[in-house]
Chemist: 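Questions regarding the structure given below will be posed in turn.
Because only heavy atoms are used, hydrogens play no part in the values below, and waters and symmetry mates are left out as well, while side chains stay in. Both counts, for ligands and for their atoms, begin at 1 and track the order of listing.
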Amino acid sequence: MLTGKTIIFGVTGSIAAYKTAEIIRRLKDLNANVRVVMTVNAVNFIGETTLRTLSQNPVYINMFHDSGSLEGPLPHITISDTADLFLIAPATANIIGKVASGIADDLLSTTLLSAGNKPVLMAPAMNERMYKSHIYKHNEKKLQIAGVKFINPEYGKLACGKEGEGRLASVDSIVSRVVDTLIGGNLFDTYDLKGKRVIVTAGGTREYIDPVRFIGNPATGKMGFALARGALAREADVTLISGKTFLVPPKNVKYIPVETADQMGKAVLDSFKHADILVMAAAIGDFKPKKTEKNKIKRKGMLKIDMKPTDDILEKLGKIKNGRITVGFAAETNNLIKNAKTKLKKKNLDLIVVNDITQPDAGFESETNIVKIIDRANDVEELPKWTKEEVAHRIWDRIVELINKNKGV
Ligand code: CTP
């Protein structure tokens, strides 16, 4: 599956380094070329010989002697030249802080600074107090803005013996993120949406008051984009309709950018005619100003804005779905299940995915989500805190189950 792909695998000094042996073995099973760059501290946690044997390549540690010098005078450049992807697992707070600050004081940090536009995945592992510190979060944000993707750590038993957040993500989720990033495929060869025409909506809408002001919401598009990538991995024909976002649309989708709820409604309605499945992850404004001023409103005293409701897109389509599968999202603050079940009925949905946006690490702007999936039989499936990528795959699994049961498409 990964034939011809070279992964530069950075290993740093965390106890979780022992898990790298298994990750390398799995990547080799997929035929990747794995080149390991270790920090000096990582060698305290796992032996160079182990990683050399498993990767079947020299292991690079120092810039100026041992295997580093095998690469000639500029090992950081020659190593990064060969990369299709950089994976740092485990990534300590130290390497994350160094890369975020542009520090290049050893072979791994220097190689990462020369990564150019190539994808970089970091799988942090550290104590919960470090993971939740402002300094760490600031560094992580800086790297995210620079395009680095994080494979979030899990909750579980930490090296200190206590339970908490900061444990290296599972080998499965690390390997599947690598596969997803490199080939947009998935690990399990489940091309179970092949030939299905899928619409995914993402992001939030903006309802303009005047040319420079709008009423919006904090949706980033991450959940919808993860759904689009998941559907692509399963070989669906994907139309992604998104409100304003800083995310880069995946290759091979039909991408329709929109801004307002009305534009979203029109784009969805147009595409729906030719679709089999619609998943509405977008946070759509429920109200819009009765009138958008042509000129910028000048600041003077109080401002009252008369609002009117926007069309409920899913409710409209629920009446004409004619065998298509429709899935809605519900971002709730209270009475989650009750509200979601009401929406499922009102919008004639097949599934509704509900999350409590007051919980940390769930919903808007987060890399993770904690959701429940409710079906027409009112069964509630509770998912743990997962990355949006993982949540997306579970939603597609549920949709595929519906297809197989012949409910819908
Ligand atoms: N939705 C829609 N059209 C709208 C508003 C929402 O199709 N004008 C979709 C959303 O994309 C989501 C689902 O309906 O999939 C539920 O959205 P939500 O905002 O939670 O529900 P509302 O029906 O707007 O109810 P309320 O905001 O009152 O909770």
Chemist: Any donor-acceptor pair under 3.5 Å linking the side-chain atoms of Arg229 with those of Asn252?
Modeler: no
Chemist: Salt bridge check: are Lys316 and Asp312 linked by an N-O gap of less than 4.0 Å?
Modeler: no
Chemist: Under a 4.0 angstrom heavy-atom cut-off, which atoms of ligand 1 come close to Met280?
Modeler: 7 (O), 11 (O), 12 (C), 15 (O)
Chemist: Among residues two or more places apart or on two chains, list those pairs meeting side chain to side chain donor-acceptor pair (under 3.5 Å) that have a residue in residues 110-123.
Modeler: none
Chemist: List ligand 1 atoms under 4.0 Å from Gly328, heavy atoms only on the residue side.
Modeler: 15 (O)
Chemist: Just need the protein heavy atom nearest to atom 28 (O) of ligand 1, so name the residue and atom and give the distance.
Modeler: Asp286 OD2, 4.4 Å
Chemist: Indicate yes or no: does an N/O atom of Glu332 lie under 3.5 Å from an N/O atom of ligand 1?
Modeler: no
Chemist: Quick one: does Ile313 get an N or O within less than 3.5 Å of an N or O on ligand 1?
Modeler: yes
Chemist: Report, in ascending order of atom number, the atoms of ligand 1 lying under 4.0 Å from any heavy atom of Asp311.
Modeler: 3 (N), 4 (C), 8 (N)
Chemist: Compute the shortest N/O to N/O distance between Phe329 and ligand 1 and return yes if it is under 3.5 Å, no if not.
Modeler: yes
Chemist: Thinking salt bridges, do Asp29 and Arg25 make one under a 4.0 Å N-O criterion?
Modeler: yes
Chemist: Name all residues meeting the side chain to side chain contact (heavy atoms under 4.5 Å, CB included) criterion together with Asp210; count only those two or more places apart in sequence or in a different chain, and write none if there are none.
Modeler: Val212, Arg213, Glu293, Lys296, Ile297
Chemist: Under 4.0 Å from any heavy atom of Ile284, which atoms of ligand 1 are there?
Modeler: 1 (N), 2 (C), 3 (N), 4 (C), 5 (C), 7 (O), 8 (N), 11 (O)
Chemist: Considering the heavy atoms of Thr310, write down every atom of ligand 1 situated less than 4.0 Å from one of them.
Modeler: 8 (N)
Chemist: Decide whether the shortest distance between a heavy atom of Ala282 and an atom of ligand 1 is less than 4.0 Å.
Modeler: yes
Chemist: Pull out every atom of ligand 1 sitting under 4.0 Å from any heavy atom of Leu314, numbered as shown with elements.
Modeler: 2 (C), 7 (O), 9 (C), 13 (C), 14 (O), 15 (O)
Chemist: Is there any N or O on Lys346 that sits under 3.5 Å from an N or O of ligand 1?
Modeler: no
Chemist: With salt bridge (charged side-chain N to carboxylate O under 4.0 Å, His left out) as the test, pick out the partner of Glu332 among Lys372, Lys343, Lys338.
Modeler: Lys343
Chemist: Using distance alone, determine whether Val327 and ligand 1 share an N or O pair under 3.5 Å.
Modeler: no
Chemist: Measure Lys347 to ligand 1 on non-hydrogen atoms and call it side chain, backbone, both or neither using the 4.0 Å cut-off.
Modeler: side chain
Chemist: So, Arg234 and Asp397, do they make that salt bridge, N to O below 4.0 Å?
Modeler: yes
Chemist: Does any non-hydrogen side-chain atom of Val99 lie less than 4.5 Å from one of Met122?
Modeler: yes
Chemist: Under 4.0 Å from any heavy atom of Ala330, which atoms of ligand 1 are there?
Modeler: 20 (O)
Chemist: Starting from atom 18 (P) of ligand 1, locate the nearest protein heavy atom and write down its residue, its atom name and how far away it is, to 0.1 Å.
Modeler: Lys343 NZ, 3.6 Å
Chemist: CD1 of Ile24 to CD1 of Ile46: how many Å apart, nearest 0.5 Å?
Modeler: 7.0 Å
Chemist: Quick one: do Glu382 and Arg394 make a salt bridge, cutoff under 4.0 Å?
Modeler: no
Chemist: Treating Lys321 as the side-chain partner and Asn348 as the backbone partner, does any N or O pair qualify as donor plus acceptor under 3.5 Å?
Modeler: yes
Chemist: Find all atoms of ligand 1 within a distance of less than 4.0 Å from any non-hydrogen atom belonging to Asp312, and give their numbers and elements.
Modeler: 2 (C), 3 (N), 4 (C), 7 (O), 8 (N), 23 (O)
